[in-house]
Amino acid sequence: MLKKIKKGYVFCMKELIVRKNDAGQRLDRFVGKSVPLLPDSLLQKYIRLKRIKVNGKGSKRDVRLNEGDVLQLYINDEFFEKPREENSWLKVGTPRLDIVYEDENILLADKKPGVLCHSAGVWDYNTLIANIQAYLAQKGEWRPKEENSFTPALCNRIDRNTGGIVIAAKNAEALRILNDKIRDREIEKYYLCAVQGRPKPAEGRLENFLFKDAVKNQVFVKSRPEPGAKTAVTEYRVISSKAGLSLVECHLLTGRTHQIRVQMSHAGWPLLGDGKYGSEKLNKSYGEKDGQALYSYRLVFDFPTDAGILNYLKGREFKVSYVDFADKYFGMKGV
């Protein structure tokens with residue numbers, strides 16, 4: 001592998017030989033499979049700029065390769081790394097983010113339902129963290145080659161099929177502070193959910209013990225303490241009721257797995273669309289089957305203790321601008 005220095009960048013020249021089983025493929029598709037970290041947009045650009053050559057000459061992206069063809073790739077060296085979660089951001093071309101708030105220390109992203117915060121066991125670059133890291137790298141706020149160990153990181157997570165605000169730290173000090181504040185319950189999280197029926201009373205508190213069966217990945221409600229069961233407390237208030245459904249705000253006082261979903265279901269008000277703890281009959285009647293109607297829509301930085309470089313956030317509140325099910329079933333376009 002040869003290296004070429006140009007305008008401060010290090011390009012690697014790597015040769016690929018087309019074997020019998022790869023013959024007949026288009027140039028762009030062959031390179032895309034051979035260099036999986038290379039974003040599709042950059043792949044097409046490099047072909048146009050003749051930084052990807054076939055037998056020493058520039059070529060069109062749709063040319064069919066023959067057995068024995070030799071490809072010369074003049075590409076930034078990091079793209080030749082083995083794909084893993086830590087470098088998946090390299091594959092992101094144009095980051096897809098809905099940013100609620102951003103400053104020099106933190107970024108609040110509105111994660112959409114269906115998006116993973118982190119990859120789930122297999123390499124995936126369509127995650128929230130990969131898009132945030134790509135966004136910061138492309139802005140020049142994060143320079144991976146100049147960092148010894150730090151990478152922008154998420155401070156909280158939300159299930160794949162739940163949407164809402166996720167906090168990302170841009171530097172190590174902000175990450176340390178935010179992790180401490182979350183652990184000490186100094187950041188208040190409020191969720192919206194659509195549930196079956198009309199909760200009574202209209203405002204209340206759900207308190208019991210939750211036991212997580214790791215094998216089944218399911219949570220069970222226990223009425224009294226027992227080994228492995230943890231206290232779970234949720235405050236709720238009904239915002240609107242219409243056509244057999246209620247829009248409810250839930251305030252988490254603890255942060256247990258599937259807490260709102262299992263507690264509301266146990267109380268007799270299952271979440272619309274919840275395939276694990278909800279009502280199959282309810283979900284079918286509304287045609288909801290792709291995930292629970294649950295959204296972490298509001299965040300309050302309620303710091304009773306010193307927050308160091310993040311003291312300026314004390315008392316500040318942030319909300320998402322839109323929640324699909326609140327509009328669809330209750331006519332609330334803004335939340």
Side-chain angles (χ1 to χ4, degrees), residues 39-41 85 88-89 91-102 106-139 152-170 178 182 187-195 217 239 245 247-250 252 255 257-261 264 271-278 283 286-300 317-335:
D40 296 335
S41 57
E85 180 159 19
S88 58
W89 64 272
K91 179 67 173 178
V92 178
T94 302
R96 291 179 294 174
L97 289 175
D98 188 343
I99 298 174
V100 176
Y101 171 80
E102 182 182 9
I106 72 167
L107 183 151
L108 304 183
D110 180 2
K111 185 194 82 69
K112 303 305 181 183
V115 175
L116 284 168
C117 284
H118 292 272
S119 59
V122 295
W123 183 70
D124 187 355
Y125 64 90
N126 293 308
T127 61
L128 180 63
I129 187 58
N131 276 268
I132 288 175
Q133 290 173 346
Y135 168 75
L136 296 176
Q138 290 174 21
K139 282 179 60 177
L154 304 184
C155 303
N156 63 311
R157 298 186 186 188
I158 296 178
D159 291 344
R160 179 202 288 264
N161 291 325
T162 300
I165 301 175
V166 177
I167 311 169
K170 291 186 177 184
L178 288 167
I182 291 173
I187 298 177
E188 304 294 336
K189 301 172 188 174
Y190 294 84
Y191 286 72
L192 284 182
C193 59
V195 305
N217 190 30
I239 296 174
L245 296 175
L247 183 66
V248 180
E249 180 190 71
C250 293
L252 289 180
T257 301
H258 300 169
Q259 179 172 319
I260 293 173
R261 296 166 62 189
M264 296 300 280
L271 269 62
L272 179 65
D274 193 337
K276 187 183 290 284
Y277 306 104
N283 297 341
Y286 284 92
E288 297 287 353
K289 58 181 181 179
D290 295 327
Q292 60 276 1
L294 181 64
Y295 221 95
S296 179
Y297 86 113
R298 183 159 69 102
L299 201 68
V300 180
E317 174 180 315
F318 300 93
K319 293 172 63 177
V320 301
S321 59
Y322 181 82
V323 175
D324 176 76
F325 60 82
D327 179 19
K328 182 177 180 180
Y329 294 108
F330 304 95
M332 297 179 61
K333 294 187 179 296
V335 295

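Keep in mind the model is a prediction, meaning the values are calculated, not measured. Residue numbers count from 1 along this sequence.
Here the straight-line distance linking atom CD1 of Ile158 with atom CG of Leu128 works out to 8.5 Å at 0.5 Å rounding. Between the OH atom of Tyr295 and the SG atom of Cys193 there is a distance of 14.5 Å, given to the nearest 0.5 Å. With rounding to the nearest 0.5 Å, the separation of NZ in Lys189 from CG in Leu252 is 7.5 Å. Summarising the geometry, atom CD1 belonging to Ile129 is positioned 4.0 Å from atom CG belonging to Leu154; distances are rounded to the nearest 0.5 Å. Between Leu271 atom CG and Tyr277 atom OH the span is 11.5 Å, to the nearest 0.5 Å. Taken to the nearest 0.5 Å, the CG atom of Asp324 stands 9.5 Å off from the NZ atom of Lys112.
In this structure, the side chain of Lys276 engages the main chain of Asn217 through a donor-acceptor pair within 3.5 Å. Between the side chain of Asp327 and the backbone N or O of Val323, no donor-acceptor pair lies under 3.5 Å. Not a single donor-acceptor pair under 3.5 Å links the side chain of Asn131 to the backbone N or O of Val92.
Summarising the geometry of Ser88 relative to Trp123, their closest heavy-atom pair is CB-NE1, 3.4 Å, with the distance given to 0.1 Å. In plain terms, the two heavy atoms of Gly93 and Ser41 that are nearest each other are CA-OG, 4.0 Å. Nearest heavy atoms, Trp89 versus Ala134: O-CB, 3.6 Å. In plain terms, the two heavy atoms of Cys155 and Ile182 that are nearest each other are O-CD1, 3.3 Å. Nearest approach of Gly273 to Asn283, heavy atoms of both residues: N-OD1, 2.6 Å.
At a threshold of 4.5 Å between non-hydrogen side-chain atoms, the residues Ile239 and Phe330 do not count as touching. Side-chain contact check for Asn126 versus Val115: every heavy-atom pair is 4.5 Å or farther apart. Looking at heavy atoms from C-beta onward, Val195 lies out of side-chain contact with Leu245 at the 4.5 angstrom threshold. Under the 4.5 Å side-chain criterion, counting only non-hydrogen atoms from C-beta, Cys250 is not in contact with Tyr190.
With 3.5 Å as the limit, one finds no donor-acceptor pair spanning the side chains of Tyr191 and Gln259.
Ring geometry for Phe318 versus Tyr101: interplanar angle of 30 to 60°, hence tilted.
The side-chain hydrogen bond (donor to acceptor under 3.5 Å, both in side chains) analysis of residues 154-166, with sequence neighbours excluded, yields the pairs Thr162-Gln292.
For the side chain to side chain contact (heavy atoms under 4.5 Å, CB included) with Val100, the qualifying choice from Asp110, Val166, Leu299, Ile167 is Asp110, the only one to do so.
Applying the side-chain hydrogen bond (donor to acceptor under 3.5 Å, both in side chains) rule to Ser119 yields the partners Glu85; only residues at least two apart in sequence or on another chain are considered. Scored by the salt bridge (charged side-chain N to carboxylate O under 4.0 Å, His left out) test, Lys319 finds no partners at all (sequence neighbours excluded).
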Tell me, with the steps shown, if Tyr135 and Glu102 meet side-chain hydrogen bond (donor to acceptor under 3.5 Å, both in side chains). CA-CA 12 Å; Tyr135 168 75; Glu102 182 182 9; 2.8 Å; yes
ring-ring contact (aromatic ring centres under 6.0 Å, His included) between Tyr329 and Tyr286, worked out: CA-CA 10 Å; Tyr329 294 108; Tyr286 284 92; 5.6 Å; yes
Would Lys111 and Asp98 count as a salt bridge (Lys or Arg N to Asp or Glu O under 4.0 Å) if you check the C-alpha gap in whole Å, the side-chain angles of each, and the deciding distance to 0.1 Å? CA-CA 7 Å; Lys111 185 194 82 69; Asp98 188 343; over 6 Å; no
Determine, step by step, whether Glu188 and Arg298 satisfy the salt bridge (Lys or Arg N to Asp or Glu O under 4.0 Å) criterion, reporting the C-alpha distance in whole Å, the side-chain angles of both residues, the deciding distance to 0.1 Å, and the verdict. CA-CA 8 Å; Glu188 304 294 336; Arg298 183 159 69 102; over 6 Å; no
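The 12-atom threshold is exceeded at NZ of Lys139, counting heavy atoms of other residues, nucleotides or ligands nearer than 6.0 Å.
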